[in-house]
Enquirer: 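What follows is a structure written as structure tokens; I'll ask about it next.
In what follows, chains are A, B, ... by sequence order, proteins preceding strands, each numbered from 1.
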Amino acid sequence: MTSIAQKLSDIIGGVFEAQGLPAELGLVRVSDRPDLAQFQCNGAMAAAKQAKKNPREIAQIIVEALSSNDIFSKIEIAGPGFINLNVTDTFLEGYLESSENFGVDATDEQRKVILDYGGPNIAKAMHAGHLRPAIIGDALRRIMAFKGFEVLGDIHLGDWGTHMGMLIGDYIREGEEGLVLNANAQDPETVQKLMDDFSVRYPKASIAAKADEALMTEARAITVKLQDKEAPYYPIWEKIREVSIEGMKQTYGQLGVHFDLWKGEADVHDYIAPMVDDLKAKELAYMSNGACVVDVVTEEDNKEIPPLIIYKSDGAVLYGTTDMATIVERMKLYEPSRIIYIVDQRQSLHFEQVFRAVKKAGITNDNTELTFAGFGTMNGTDGKPFKTRDGGVLRLEDLIAMAKEKADKRLSEVNLADDIKEDEYNDIALKVAIAAIKFADLQNQRQSNYIFDLDRLTSFEGKTGPYLLYQTVRIKSLLRKAKDQGINFEEKEITIQEQDRALALLLGEFSDALNLSIQHYAPHHLCEYIYKLAQAFSSFYANCHILSEEDTAIQASRLKLCQKTALQLETALGLLGIFVPERM
RNA sequence: GCGCCCUUAGCUCAGUUGGAUAGAGCGUUGGUUUCCGGAGCCAAAGGCCAGAGGUUCGAAUCCUCUAGGGCGCACCA
């Protein structure tokens, strides 16, 4: 099963092929002139260009070949050679009745896909900057899983650098390592206290180390010992990591962002030495200015690409080294067909270097797709990288709390049922808040920079997450009422009326939006679709009587449409990591 | 210096192989609730798609140049 447009593309593609023309030219899409037709095919014009023929003549041939097909209620040639198409209501009804999985056909790609969308450092408070990769990556994970990919989301923690040496050094100097070592990571209060402690201690230690060469040297020395798993450094580190992960799980949990793998840089430590040996054996790695590097520039390059540094001149590894080793591990453990990085756009050169080095070294197969799906920088309303008013970073927890508070206030203003319990109330407030934050972010195109505007992020009207929840909740409420009234519509047939058609056609576009999102690793296509669907429903709802409709056949048909719309909205929102309450 | 990205309505943003009259939201103005949830619905105003050339039957989209903005270019991540 596919989208309606895809079905039509297959039919018309076949007609093009029968004429000795490429099937791709038969591509049908939803018309951008809904006043003229439901669907359009522009292939005749492209074909005419290739064959140096009159486009209308080619269109005429196609149209004649289609005329025997009874799924079309209108086939017209317009302008220079557009083929305008309408489908019959019978076809539309049949499509809606028979489509499974919302018209999404499963991918035939069987191997694993790894999505890398985390990257927070342990022992540091998560801030607003962590929001984008988390939200986009988690949405892509859900979207691809729905399409049938076997997806693994990896957080890829920053847990192995000099910053750990600084922090551990500070605990030991202050004689306070007991705070960490004796902590119970399963106790949320302890976790919270320690996270707070980290967030004060780490900046302090970092500033001190930068100002004092001796402290920096000590931090580096501790890092080396840590990496050799020496006590007490390693046990302290293990605990810091454990506590940090618990802390992160709380924050990510509130956001509804899930990871399958909680791996970090430390996990690939043991892969580095053999990998470098291999690079040397293959004569790819060599010494340059005291550092060990791999060249990645090629003759075709029109730009300067610096070599990837494997070991610094002091012998320490860099993040490029661990990124390479991470791919070694991923190939060994999972053999993914794709690895997709949801990372800040500014790291594109770095990943280009890593990917080239990895391919040169034969770490991945030729058919392993490594993709850098970069996202734009989050700027403040002043157009500069986002900072809070006092110049600091906005903690992610605070951001969520602010949104929740606003949702809370809004909920208290509307007439919610009196019987609502505190648990449900809080659950609704959080769902509304998260919907607002996520949809505001996800509707932006991934690559371009965007303005972080708190008011917009926590806005509930217009093209927002809460609007989408609201529309879905309204339908669910309507369906509940129908059930309470004992209206039996599930076995009845859908019969499309004039007022239903726009909504019905839109229901058949879901798969197109989903595929576009996967093709470009860009959830905003799905956002666009969901919003259009919600809007179409709202319009339909305002125009049509449903429960008060006297014609029971029409009533049942509309209820079925409502049910399909609600299911589709809820499913699609779920793919964005947005969850719908029963009421709001 | 080299390279990458961006510039679409007052603001924030969509715009899929180049296609017909460039679309949303916010804001502004007007209408809308004797009937299923008004976080709604309907409508209006608002655009030389940064500018100039070029390719094409046809350009916001492709090419070149210019202006403005962002970012990256070996031992930070």
Side-chain angles (χ1 to χ4, degrees), chain A residues 24-25 27 29 31-33 35-36 40 42-43 45-46 48-49 55 78-82 84 119 121 158 161-163 265 288-293 301-314 316-320 322-323 344-350 352-353 374 376-377 379 381 383-385 410-411 413-415 432 440 443-445 447-451 453 455-456 459-464 466-471 473-475 477-478 481-482 485 512-513 515-516 519-520 522 524-525 527-528 531-532 535 538-539 541-549 562 583-584:
Chain A
E24 301 86 72
L25 293 176
L27 184 74
R29 63 172 199 209
S31 175
D32 48 26
R33 289 289 305 273
D35 54 320
L36 298 180
Q40 64 179 333
N42 302 338
M45 291 179 289
K49 196 168 201 169
F82 298 101
N84 285 335
N121 287 339
T162 314
H163 64 291
E265 293 167 346
S288 168
N289 295 331
C292 178
V293 304
D301 283 319
N302 60 342
K303 56 184 175 185
E304 302 159 18
I305 298 189
L308 184 72
I309 299 181
I310 303 295
Y311 283 124
K312 296 198 287 181
S313 42
D314 68 359
V317 300
L318 284 154
Y319 72 131
T322 50
D323 282 337
D344 193 306
Q345 193 72 257
R346 287 173 289 188
Q347 294 195 35
S348 67
L349 178 61
H350 166 73
E352 168 116 51
Q353 290 174 284
T377 313
N379 292 327
T381 38
K384 294 181 179 147
R410 184 56 186 267
L411 276 176
E413 288 164 7
V414 299
N415 292 327
V432 169
Q443 67 173 303
N444 292 298
Q445 201 206 15
Q447 296 93 315
S448 49
N449 294 349
Y450 91 110
I451 307 284
D453 180 350
D455 287 337
R456 183 159 162 266
S459 159
F460 301 156
E461 269 107 47
K463 194 174 182 179
T464 63
Y467 168 84
L468 302 170
L469 295 187
Y470 176 74
Q471 298 304 341
V473 163
R474 273 208 308 193
I475 313 177
S477 163
L478 182 72
K481 282 200 172 124
Q485 291 175 24
D512 292 329
N515 288 338
L516 266 181
Q519 194 182 332
H520 303 290
H524 80 279
H525 287 113
C527 291
E528 202 65 32
Y531 180 69
K532 264 163 61 185
Q535 236 182 0
S538 200
S539 200
Y541 182 82
N543 280 326
C544 296
H545 293 250
I546 300 169
L547 291 178
S548 54
E549 173 60 51
C562 287
R583 49 188 176 175
M584 64 187 276

Enquirer: Could you tell me the separation between the OH atom of A/Tyr531 and the C1' atom of B/A14, rounded to a whole number of Å?
Expert: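 Atom OH in A/Tyr531 sits about 12 Å away from atom C1' in B/A14.
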
Enquirer: For B/C36, give its Watson-Crick or G-U wobble partner with both distances under 3.5 Å, or none.
Expert: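 Pair assignment: B/C36 / none.
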
Enquirer: When we call it a touch if two heavy atoms are under 4.0 Å apart, what does A/Ile309 touch: a base, just sugar-phosphate, or nothing?
Expert: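 Base: the residue A/Ile309, judged by heavy atoms under 4.0 Å, touches a nucleobase.
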
Enquirer: Categorize A/Leu36 for me: base, sugar-phosphate, or nothing, with a 4.0 angstrom heavy-atom threshold over every strand shown.
Expert: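 A/Leu36: base contact, heavy atoms under 4.0 Å.
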
Enquirer: Tell me: CG of A/Asn444 to C1' of B/A24, nearest whole Å?
Expert: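 That distance rounds to 13 Å.
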
Enquirer: So, does the side chain of A/His545 form a donor-acceptor pair with the base of B/C35 at under 3.5 Å?
Expert: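 Answer yes: a donor N or O sits under 3.5 Å from an acceptor.
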
Enquirer: Measure from the side-chain N and O atoms of A/Asp301 to the backbone N and O of A/Lys303, and report whether any donor-acceptor pair falls under 3.5 Å.
Expert: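 Not at all, since once roles are kept as given, no pair shorter than 3.5 Å links the two residues.
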
Enquirer: So, OP1 or OP2 of B/G18: does either fall under 4.0 Å of a side-chain N or O from A/Lys49?
Expert: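 So the side chain of A/Lys49 is outside the cut-off, no N or O lying under 4.0 Å from OP1 or OP2 of B/G18.
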
Enquirer: What is the separation between atom CD on A/Gln447 and atom P on B/A14, rounded to the nearest whole Å?
Expert: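 Rounded to the whole Å, the gap is 9 Å.
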
Enquirer: Tell me which of A/His525 and A/Gln353 sits closer to the 5' end of RNA chain B, going by the nucleotide each one is nearest to.
Expert: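 Taking each residue's closest nucleotide, the earlier one in sequence belongs to A/His525.
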
Enquirer: Are A/Phe460 and A/Tyr470, when compared by the centres of their aromatic rings, separated by less than 6.0 Å?
Expert: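 Not close enough - the centres of the two rings lie 6.0 Å or further apart.
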
Enquirer: Could you check whether any side-chain N or O of A/Gln40 sits under 3.5 Å from a backbone N or O of A/Arg29, counting only pairs where one atom can act as donor and the other as acceptor?
Expert: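 Not confirmed, A/Gln40 side chain does not pair with A/Arg29 backbone.
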
Enquirer: Just to confirm, is there a sub-4.0 Å distance from OP1 or OP2 of B/C42 to any side-chain nitrogen or oxygen of A/Ser539?
Expert: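 Affirmative; the distance criterion is met.
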
Enquirer: Contact class for A/His524 (heavy atom, under 4.0 Å): base, sugar-phosphate, or nothing?
Expert: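 The answer is sugar-phosphate, as A/His524 gets under 4.0 Å only of primed atoms, P, OP1 or OP2.
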
Enquirer: Counting only side-chain heavy atoms from C-beta out, which of B/C73, B/A24, B/A20 sits nearest to A/Lys463?
Expert: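 Nucleotide nearest to A/Lys463's side chain: B/A24.
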
Enquirer: Write down the distance between CG (A/Asn449) and C1' (B/U8), rounded to a whole number of angstrom.
Expert: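 So the CG-C1' distance, A/Asn449 to B/U8, works out to 16 Å.
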
Enquirer: Mind checking the P distance from B/U56 to B/C63? Whole angstroms is fine.
Expert: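 Nearest-Å result for B/U56 against B/C63 at atom P: 16 Å.
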
Enquirer: May I ask you to verify whether the side chain of A/Ser288 and the base of B/A74 hold a donor-acceptor pair under 3.5 Å?
Expert: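 Pair found.
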
Enquirer: Counting only side-chain N and O atoms of A/Tyr470, is one of them less than 4.0 Å from OP1 or OP2 of B/A39?
Expert: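 Indeed, a polar side-chain atom of A/Tyr470 lies that close.
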
Enquirer: Can a donor-acceptor pair under 3.5 Å be found between the side-chain atoms of A/Gln535 and the base atoms of B/A24?
Expert: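 No, no donor-acceptor pair under 3.5 Å.
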
Enquirer: Just to be sure I understand the rule, does A/Asp32 reach a base, reach only the sugar-phosphate, or reach nothing, if contact means heavy atoms closer than 4.0 Å?
Expert: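 Result for A/Asp32 = base.
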
Enquirer: Between A/Leu516 and A/His520, is a side chain to side chain contact (heavy atoms under 4.5 Å, CB included) present by the stated rule, with each step listed?
Expert: CA-CA 6 Å; A/Leu516 266 181; A/His520 303 290; 3.8 Å; yes

Enquirer: Would you classify A/Glu549 as touching base, sugar-phosphate or nothing, given that sugar-phosphate means primed atoms plus P, OP1 and OP2, and contacts are heavy atoms under 4.0 Å?
Expert: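 It contacts nothing in the nucleic acid.
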
Enquirer: Using the P atom as the reference point in each nucleotide, state the distance between B/A24 and B/A9 in Å, no decimals.
Expert: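 Comparing P positions in B/A24 and B/A9 gives a spacing of 15 Å.
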
Enquirer: Whole angstrom is fine here: how far is it from CG in A/Leu478 over to P in B/G37?
Expert: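 Those two atoms, CG and P, are 7 Å apart.
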
Enquirer: So what does A/Ala78 touch, heavy atoms closer than 4.0 Å: a base, only the sugar-phosphate, or nothing?
Expert: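 Answer is base: heavy atoms of A/Ala78 come under 4.0 Å of a base.
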
Enquirer: With C1' as the reference atom in both, quote the distance from B/U8 to B/G3 in angstrom, rounded to an integer.
Expert: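 Result for the C1' pair: 26 Å, nearest Å.
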
Enquirer: Any donor-acceptor pair under 3.5 Å between the side chain of A/Asn84 and the base of B/A20?
Expert: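 Checked by distance alone, the answer is yes.
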
Enquirer: Looking at every strand, decide which applies to A/Asn543 at a 4.0 Å heavy-atom threshold: base, sugar-phosphate, or nothing.
Expert: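 Nothing: the residue A/Asn543, judged by heavy atoms under 4.0 Å, touches no strand.
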
Enquirer: Quick one: label A/Leu318 by what it contacts on the DNA or RNA (base, sugar-phosphate, nothing), any heavy atom closer than 4.0 Å.
Expert: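 Sugar-phosphate only.
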
Enquirer: Using both distances under 3.5 Å as the test, list the Watson-Crick or G-U wobble partner of B/C13, or none.
Expert: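 Here B/C13 is engaged in a pair, and the nucleotide opposite it is B/G23.
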
Enquirer: Distance check, P atoms only: B/G23 and B/U33, in whole angstrom units.
Expert: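 Comparing P positions in B/G23 and B/U33 gives a spacing of 30 Å.
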
Enquirer: Determine the contact category for A/Gln485: base if any of its heavy atoms lies under 4.0 Å from a base atom, sugar-phosphate if only primed atoms, P, OP1 or OP2 are that close, otherwise nothing.
Expert: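 Touches nothing.
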
Enquirer: Could you tell me how far apart A/Glu461 (CD) and B/U12 (C1') are, to the nearest whole angstrom?
Expert: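 Distance check: A/Glu461 CD to B/U12 C1' gives 16 Å.
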
Enquirer: Check whether any side-chain heavy atom of A/Lys481 sits under 4.5 Å from a side-chain heavy atom of A/Leu547, and report yes or no.
Expert: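 Yes, close enough: below the 4.5 Å cut-off.
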
Enquirer: Using the C1' atoms only, state how far B/A77 lies from B/U28, rounded to an integer number of Å.
Expert: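 Those two atoms are separated by 46 Å.
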
Enquirer: Could you tell me whether A/Cys562 contacts a base, only the sugar-phosphate backbone, or nothing, with contacts defined as non-hydrogen atoms closer than 4.0 Å?
Expert: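 It contacts nothing in the nucleic acid.
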
Enquirer: Can you check the A/Ile475 CD1 to B/G40 P distance for me, whole Å?
Expert: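 The distance from CD1 of A/Ile475 to P of B/G40 comes to 15 Å, rounded to the nearest Å.
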
Enquirer: Go ahead and name the base partner of B/G3; Watson-Crick or wobble counts if both distances stay under 3.5 Å, otherwise write none.
Expert: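 Here B/G3 is engaged in a pair, and the nucleotide opposite it is B/C71.
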
Enquirer: Is any side-chain nitrogen or oxygen of A/Arg346 closer than 4.0 Å to OP1 or OP2 of B/G70?
Expert: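 For B/G70, OP1/OP2 do not have a side-chain N/O of A/Arg346 under 4.0 Å.
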
Enquirer: Measure from the side chain of A/Tyr541, starting at C-beta and using heavy atoms only, and say which of B/G37, B/U16, B/A20 lies closest.
Expert: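 Of all the options, the side chain of A/Tyr541 is nearest to B/G37.
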
Enquirer: Look at the side chain of A/Pro307 and decide which nucleotide, out of B/G72, B/A74, B/G15, has an atom nearest to it.
Expert: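 My answer, after comparing the listed nucleotides, is B/A74.
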
Enquirer: On the nucleotide B/C41, are OP1 or OP2 found under 4.0 Å from the side-chain N or O atoms that A/Tyr467 carries?
Expert: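 The answer is yes; a side-chain N or O of A/Tyr467 sits under 4.0 Å from OP1 or OP2.
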
Enquirer: Phosphate oxygens OP1/OP2 of B/A74: is one of them under 4.0 Å from a side-chain N or O of A/His350?
Expert: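 No, outside the criterion.
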
Enquirer: A/Asn289 near the nucleic acid: base, sugar-phosphate alone, or nothing, with a heavy-atom cut-off under 4.0 Å?
Expert: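 Touches a base.
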
Enquirer: Could you identify the nucleotide paired to B/G47, looking across every strand shown and requiring Watson-Crick or G-U wobble geometry with both distances under 3.5 Å?
Expert: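 Paired with no nucleotide.
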
Enquirer: I want to check one thing: is the phosphate of B/C4, taken as OP1 and OP2, less than 4.0 Å away from some side-chain N or O of A/Ser348?
Expert: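 It does not, given that no N or O in the side chain of A/Ser348 lies less than 4.0 Å from OP1 or OP2 of B/C4.
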
Enquirer: State which of B/U17, B/G1, B/A39 makes the closest approach to the side chain of A/Arg410.
Expert: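 Nucleotide nearest to A/Arg410's side chain: B/A39.
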
Enquirer: Starting from P on B/G70, measure out to CG on A/Asp344 and report it in whole angstrom.
Expert: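 Computing the A/Asp344:CG to B/G70:P distance gives 16 Å.
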
Enquirer: Which of the following nucleotides, B/G19, B/C13, B/G40, is nearest to the side chain of A/Ile451?
Expert: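 The answer is B/C13.
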
Enquirer: Looking at B/A39, B/U17, B/G19, which one has an atom nearest to any side-chain atom of A/Leu411?
Expert: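 Looking only at heavy atoms from C-beta outward on A/Leu411, the closest nucleotide is B/A39.
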
Enquirer: Could you measure between the two P atoms, the one in B/C2 and the one in B/A20, and give it in whole Å?
Expert: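 Roughly 38 Å separates the two P atoms.
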
Enquirer: For B/A60, which nucleotide in any strand shown is its Watson-Crick or wobble partner with both distances under 3.5 Å?
Expert: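 Base partner found: none.
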
Enquirer: Check whether any side-chain heavy atom of A/Gln535 sits under 4.5 Å from a side-chain heavy atom of A/Tyr467, and report yes or no.
Expert: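 A side-chain contact under 4.5 Å exists here.
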
Enquirer: Taking only the side-chain nitrogens and oxygens of A/Thr464, find out if one of them lies under 4.0 Å from OP1 or OP2 of B/C26.
Expert: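 No.
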
Enquirer: P atom, B/C71 versus B/G31: distance in rounded Å?
Expert: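 Those two atoms are separated by 47 Å.
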
Enquirer: Under 3.5 Å, is there an N or O donor on one side and an acceptor on the other linking the side chain of A/Ser477 and the base of B/G37?
Expert: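 Indeed, a donor on one side and an acceptor on the other fall under 3.5 Å apart.
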
Enquirer: As a quick check of understanding, evaluate side chain to side chain contact (heavy atoms under 4.5 Å, CB included) for A/Thr377 and A/Gln345, giving each step before the final call.
Expert: CA-CA 7 Å; A/Thr377 313; A/Gln345 193 72 257; 5.7 Å; no

Enquirer: Any side-chain heavy-atom pair from A/Pro80 and A/Met45 closer than 4.5 angstrom?
Expert: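 The answer is yes; the side chains approach within 4.5 Å.
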
Enquirer: When the P atoms of B/G1 and B/U17 are considered, how many whole Å apart are they?
Expert: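 Nearest-Å result for B/G1 against B/U17 at atom P: 34 Å.
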
Enquirer: Go through B/C36, B/A77, B/A14 for me and flag the one nearest to the A/Ser448 side chain.
Expert: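 The nucleotide sitting nearest to the side chain is B/A14.
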
Enquirer: Parallel, tilted or perpendicular for A/Tyr319 and A/His350, by the 30°/60° rule?
Expert: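 A/Tyr319 vs A/His350 ring planes: parallel.
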
